[in-house]
**Student:** 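Pasting a structure below so you can have a look.
Lettering of chains follows the sequences in order, A, B, ..., and the numbering in each one begins at 1.
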Amino acid sequence: MPMTITEKILAEHAARKTVSPGDLIQVKVDMALANDITAPIAIKVFNEIGRETVFDRDAVALVADHFVPNKDIASAQQVKFVREFARRHDITHYYEGGDVGIEHVILPEKGLVLPGQVVIGADSHTCTYGALGAFSTGVGSTDLGVIMATGEIWLKVPPTIRVNIEGTPSPLVGGKDIILHLIGMIGVEGARYATLEFGGETVRRMPMYQRLTMANMAIEAGGKNGIFEPDDITRAFVDERSETGAIYRMSDADARYERVVTIDAASLEPQVAFPHSPANVRNLSECGDVTLDQVFIGSCTNGSLEDLRDAASVLKGKRAARGLRLIIIPGSPKIYREAVREGIVETLLDANAVIGPPCCGPCLGGHMGILAAGERALATTNRNFVGRMGHPESEVYLSNPFVAAASAVLGKIGGPGEL
Amino acid sequence: MMFQGKIWKLGDDIDTDLIIPARFLNVSEASELARNCFADLRPEFASSVRPGDVIVAGGNFGCGSSREHAPLAIKASGVSLIIARSFARIFYRNAFNIGLPLLESPEAPKELAEGDEVRVNLAAGSIERIDDSRQFASSPVPDFMAEIIKAGGLVPYTIERIRKGEAV
């Protein structure tokens with residue numbers, strides 16, 4: 001029976017020859033992930049189940065990246081609880097302090113997630129690793145606690161929506177714009193419970209950091225996972241980081257898709273999502289006059305070294321508009337170090353940016369860079385719900401790093417062409 | 001399982017940031033989370049919700065973050081079940097995993113209003129408005145999810161699987 005890449009990976013991990021959309025299966029997990037917000041509940045669940053040890057101490061990643069460096073006493077207690085669990089169970093991949101970066105940035109960077117794997121994380125943006133040709137999806141803490149105890153999860157095999165992306169995009173248009181455009185097209189429910197499988201000629205030339213950005217936002221269309229079939233770009237990325245374990249799977253030519261969507265990337269402008277939905281997308285040229293109080297460049301969506309390079313290329317020799325707060329957060333310590341070495345950090349500091357330590361930062365409105373009532377921010381993050389970045393009467397707009405950097409200089413939403 | 005309660009009516013795409021804003025996620029005790037449930041959307045909810053009350057909402061309820069704090073806050077506030085046109089998938093899993101039942105109904109969210117009193121038979125998937133005895137259909141809860149609810153959530157369900165030697 002012909003299968004998609006998602007169906008093949010799930011079938012292999014359920015010890016079955018084939019699976020079909022709708023099948024309820026028990027799946028073996030290669031990597032289980034939780035962060036400082038979701039791990040405490042998962043640990044309580046694990047303790048309640050009563051197993052002595054986690055299923056595989058090398059296959060659990062605990063990353064304290066949301067409210068760190070600890071923002072208050074309650075957060076410090078949470079991280080302490082996770083740290084003590086990690087020590088007690090000798091968890092190999094526990095990260096905090098100078099080792100910590102954003103979970104979805106450091107796991108691929110360190111080669112801890114690989115093509116062909118099943119990766120389950122107690123964080124909705126766990127779908128990021130589909131960029132590598134893995135099946136990865138977000139769950140809640142109870143699921144994660146059960147995985148830590150048993151190494152397994154129940155899953156319903158999702159139907160797949162194939163997204164073909166064709167044409168050569170303009171230099172200021174990348175993965176972020178394509179995924180925002182898609183979410184605008186199909187809506188925040190458009191891929192609910194489904195797989196978004198990205199293909200087409202544009203994708204075959206798309207660098208890994210942009211694939212990570214696209215897979216990361218599959219959840220914003222309600223998707224279970226976003227996935228790219230692996231190719232030479234995947235192999236090059238993986239070979240640099242891991243010696244064994246990658247299994248390269250492709251969709252069969254006659255695999256069944258619930259729906260096929262085509263995007264002409266050549267005709268795309270940079271995209272901006274307006275409040276309060278990632279599907280409320282407009283072309284940059286149609287944004288009108290939107291003045292800004294804050295610009296944030298970073299997050300699991302756009303916190304890569306290449307994203308910082310893009311921002312720096314726009315900000316070089318310029319300064320953030322007077323009164324505008326520009327916050328830039330590298331996704332990992334490695335990216336931070338490289339950004340220092342390349343002179344990017346100096347360019348950003350010269351532009352009057354505040355550089356934060358690798359973490360989720362203001363993205364979820366809990367820590368560092370929170371908005372007051374009536375304030376507006378443009379961010380390279382993934383969601384702009386009501387109150388997402390602070391006061392319920394504040395507003396968040398979403399864009400790529402080029403547009404975010406240019407807008408910081410302009411003091412309002414605009415592109416590098418307006419500088 | 002039968003439930004009876006007063007309706008809290010919400011709209012489409014109620015995301016988990018609206019259910020429990022991130023600034024309240026520095027704790028994980030359900031009772032503390034309940035105190036800030038719908039803090040920005042319905043500030044009066046936490047103090048006036050009554051045990052057994054029912055949330056009725058539109059499409060894609062619980063979209064956004066995977067925070068289990070969202071269904072935990074709702075459950076600990078006393079809400080007995082949620083009826084919506086559709087649910088976001090992580091929220092759907094999380095709710096059943098912690099023993100908070102959900103019903104999908106295309107019709108009920110259109111017809112039911114804030115303050116209506118309903119009686120719900122979970123097994124039959126039937127929803128009845130007390131006032132006029134009007135019935136609304138819903139998709140039956142899948143057998144597997146019903147099993148989890150019957151066990152009291154995924155944790156007791158898993159403990160039982162381990163006891164029976166079904167889980168490694």
Side-chain angles (χ1 to χ4, degrees), chain A residues 24 26 28 37-38 40-42 44-45 48-51 55 66-67 71-75 77-78 81 121-126 137-143 145-146 149-152 154 156 158 188-189 192-193 219-220 222-224 277 364-367 370 383 385-388 390-392, chain B residues 12-18 21-30 32-33 39-41 43 58-60 62-72 85-99 142-145 148 153-159 161-163 166-168:
Chain A
L24 205 60
Q26 201 67 29
K28 291 217 177 300
I37 291 180
T38 59
I41 297 176
K44 287 179 202 166
V45 164
E48 207 180 320
I49 291 170
R51 281 261 155 111
F55 81 104
H66 275 60
F67 289 163
K71 71 162 181 150
D72 53 21
I73 293 169
S75 307
Q77 294 294 132
Q78 299 270 87
F81 182 64
D123 187 281
S124 65
H125 294 108
T126 303
T137 193
V139 296
S141 297
T142 296
D143 275 319
V146 168
T150 66
E152 289 184 3
W154 65 268
K156 199 161 81 174
V188 290
E189 261 197 282
R192 208 167 50 86
Y193 289 84
I219 177 69
E220 309 314 333
K224 185 169 203 152
S277 165
L364 72 162
H367 189 27
I370 293 162
R383 42 179 77 125
F385 304 146
V386 172
R388 174 69 180 178
H391 196 281
Chain B
D12 286 327
D13 300 322
I14 300 298
D15 60 70
T16 54
D17 281 88
L18 284 175
R23 61 184 185 275
F24 302 119
L25 299 184
N26 54 1
V27 297
S28 51
E29 290 74 23
E32 282 195 51
L33 295 167
D40 296 336
L41 183 70
N60 207 23
C63 61
S65 123
S66 71
R67 63 189 71 158
E68 199 162 298
H69 312 64
L72 279 173
R85 181 169 60 72
S86 64
F87 293 91
R89 64 157 280 276
I90 303 178
F91 185 89
Y92 186 87
R93 293 185 73 97
N94 287 348
F96 279 99
N97 283 348
I98 64 163
D143 291 346
F144 178 63
M145 308 313 295
I148 290 178
L154 188 66
V155 173
Y157 176 86
T158 303
I159 291 171
R161 275 191 76 214
I162 291 172
R163 197 187 60 77
E166 289 168 15
V168 276

**Student:** Find the distance between CD (A:Glu152) and OG1 (B:Thr158) and round it off to the nearest 0.5 Å.
**Tutor:**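 So the gap between those two atoms works out to 10.0 Å.
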**Student:** Side chain, backbone, both or neither: which part of A:Ser277 has an atom under 4.5 Å from a heavy atom of chain B?
**Tutor:**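 Neither part.
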**Student:** Below 4.5 Å from any heavy atom of chain A, which atoms of B:Asn97 appear? Answer side chain, backbone, both or neither.
**Tutor:**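 Contact with chain A is through both the backbone and side chain of B:Asn97.
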**Student:** Under 4.5 Å from any heavy atom of chain B, what part of A:Val139 do you find: side chain, backbone, both or neither?
**Tutor:**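 Both the backbone and the side chain of A:Val139 come within 4.5 Å of chain B.
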**Student:** Strictly by modelled atom types, are B:Arg161 and A:Thr150 linked by a side-chain donor-acceptor pair under 3.5 Å?
**Tutor:**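 No, because no side-chain N or O of B:Arg161 sits under 3.5 Å from a partner of the opposite role on A:Thr150.
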**Student:** About how many Å separate OG of A:Ser141 and CZ of B:Arg67, when rounded to the nearest 0.5 Å?
**Tutor:**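 Answer for the CZ-OG pair, B:Arg67 versus A:Ser141, is 11.5 Å.
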**Student:** Can you tell me which of A:Gly366, A:Ala74, A:Gly222, A:Gly145 forms the most heavy-atom pairs within a distance under 4.5 Å of chain B?
**Tutor:**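 Looking at each of A:Gly366, A:Ala74, A:Gly222, A:Gly145 in turn, A:Ala74 comes out on top.
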**Student:** May I have the step-by-step check of side chain to side chain contact (heavy atoms under 4.5 Å, CB included) for B:Tyr157 and A:Val146, ending in yes or no?
**Tutor:** CA-CA 10 Å; B:Tyr157 176 86; A:Val146 168; over 6 Å; no
**Student:** Check step by step if side chain to side chain contact (heavy atoms under 4.5 Å, CB included) holds for B:Arg93 and A:Lys156.
**Tutor:** CA-CA 11 Å; B:Arg93 293 185 73 97; A:Lys156 199 161 81 174; over 6 Å; no
**Student:** With only heavy atoms counted, which part of A:Leu364 is less than 4.5 Å from chain B, the side chain, the backbone, both or neither?
**Tutor:**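 Both backbone and side chain.
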**Student:** Step by step, work out the side chain to side chain contact (heavy atoms under 4.5 Å, CB included) result for A:Glu189 and B:Asp12.
**Tutor:** CA-CA 10 Å; A:Glu189 261 197 282; B:Asp12 286 327; over 6 Å; no
**Student:** Measure A:Tyr193 against the heavy atoms of chain B and call it side chain, backbone, both or neither at under 4.5 Å.
**Tutor:**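 Interface part for A:Tyr193: both.
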**Student:** Heavy-atom distance under 4.5 Å to chain B: side chain of A:Gln77, backbone, both or neither?
**Tutor:**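 For A:Gln77, there is no contact with chain B at all, as no heavy atom is under 4.5 Å.
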**Student:** Go through the atoms of A:Gln78 and report whether side chain, backbone, both or neither lie under 4.5 Å from a heavy atom of chain B.
**Tutor:**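 Only the side chain of A:Gln78 comes within 4.5 Å of chain B.
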**Student:** Report which part of B:Ile159 has an atom under 4.5 Å of a heavy atom belonging to chain A: side chain, backbone, both, or neither.
**Tutor:**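 Just its side chain gets close to chain A.
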**Student:** Measuring from atom OG1 of A:Thr38 to atom CG of B:Leu25, what distance do you get when rounded to the nearest 0.5 angstrom?
**Tutor:**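 Here the rounded value is 10.0 Å.
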**Student:** Between B:Ser86, B:Pro71, B:Ala88, which has the largest tally of heavy atom pairs under 4.5 Å with chain A?
**Tutor:**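 If we count pairs closer than 4.5 Å to chain A, B:Ser86 comes out on top.
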**Student:** Could you tell me whether the side chain of B:Asn26 reaches within less than 4.5 Å of the side chain of A:Asp72, counting heavy atoms only?
**Tutor:**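 A:Asp72 vs B:Asn26: side chains touch.
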**Student:** Check whether B:Asp17 reaches the backbone of A:Phe385 with its side chain - one donor and one acceptor, N or O, closer than 3.5 Å.
**Tutor:**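 Pair absent, no side-chain N/O of B:Asp17 close to backbone of A:Phe385.
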**Student:** Hey, which of A:Lys44, A:His66, A:His391, A:His367 has the most heavy atom pairs under 4.5 Å with chain B?
**Tutor:**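 With the most close heavy-atom pairs to chain B, the winner is A:Lys44.
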**Student:** Let me know if B:Ile148 has heavy atoms under 4.5 Å from chain A in its side chain, its backbone, both or neither.
**Tutor:**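 Contact with chain A: side chain only.
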**Student:** Name the region of A:Ile37, side chain, backbone, both or neither, that has any atom closer than 4.5 Å to a heavy atom of chain B.
**Tutor:**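 Contact with chain B: backbone and side chain both.
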**Student:** Looking at A:Ile49, A:Asp143, A:Ile73, which has the largest count of heavy-atom pairs under 4.5 Å with chain B?
**Tutor:**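 Of A:Ile49, A:Asp143, A:Ile73, A:Asp143 has the most heavy-atom pairs under 4.5 Å with chain B.
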**Student:** Is B:Ser65 in contact with chain A via its backbone, its side chain, both, or neither, using a 4.5 Å heavy-atom distance?
**Tutor:**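 Backbone plus side chain of B:Ser65, per the 4.5 Å heavy-atom cut-off to chain A.
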**Student:** Under the criterion side chain to side chain contact (heavy atoms under 4.5 Å, CB included), I'd like the reasoning laid out for B:Val155 against A:Thr142: C-alpha separation, chi angles, the key distance, then a yes or no.
**Tutor:** CA-CA 7 Å; B:Val155 173; A:Thr142 296; 4.0 Å; yes
**Student:** If you count heavy-atom pairs under 4.5 Å with chain A, which of B:His69, B:Glu29, B:Arg23 comes out on top?
**Tutor:**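 Looking at each option in turn, the highest pair count goes to B:His69.
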**Student:** Under a 4.5 Å heavy-atom cutoff, which of A:Thr126, A:Asp123, A:Ile41 has the most pairs with chain B?
**Tutor:**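 The option with the most such pairs is A:Ile41.
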**Student:** Judged by atom type as modelled, is there a donor-acceptor pair below 3.5 Å linking the side chain of A:Arg192 to the main-chain atoms of B:Phe87?
**Tutor:**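 The answer is yes, because a donor-acceptor pair under 3.5 Å joins these two groups.
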**Student:** Just how far is it from atom CZ of A:Arg383 to atom CG of B:Asp15, taken to the nearest 0.5 Å?
**Tutor:**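 Result: 8.0 Å between the selected atoms.
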**Student:** What part of B:Thr16 gets within 4.5 angstrom of chain A, counting heavy atoms only: side chain, backbone, both, or neither?
**Tutor:**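 It is neither, since no heavy atom gets under 4.5 Å.
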**Student:** Using non-hydrogen atoms only, which part of B:Asn60 is less than 4.5 Å away from chain A: side chain, backbone, both, or neither?
**Tutor:**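 Both backbone and side chain of B:Asn60 come within 4.5 Å of chain A.
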**Student:** With a 4.5 angstrom heavy-atom cut-off, which part of B:Leu72 approaches chain A: side chain, backbone, both or neither?
**Tutor:**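 Just its side chain gets close to chain A.
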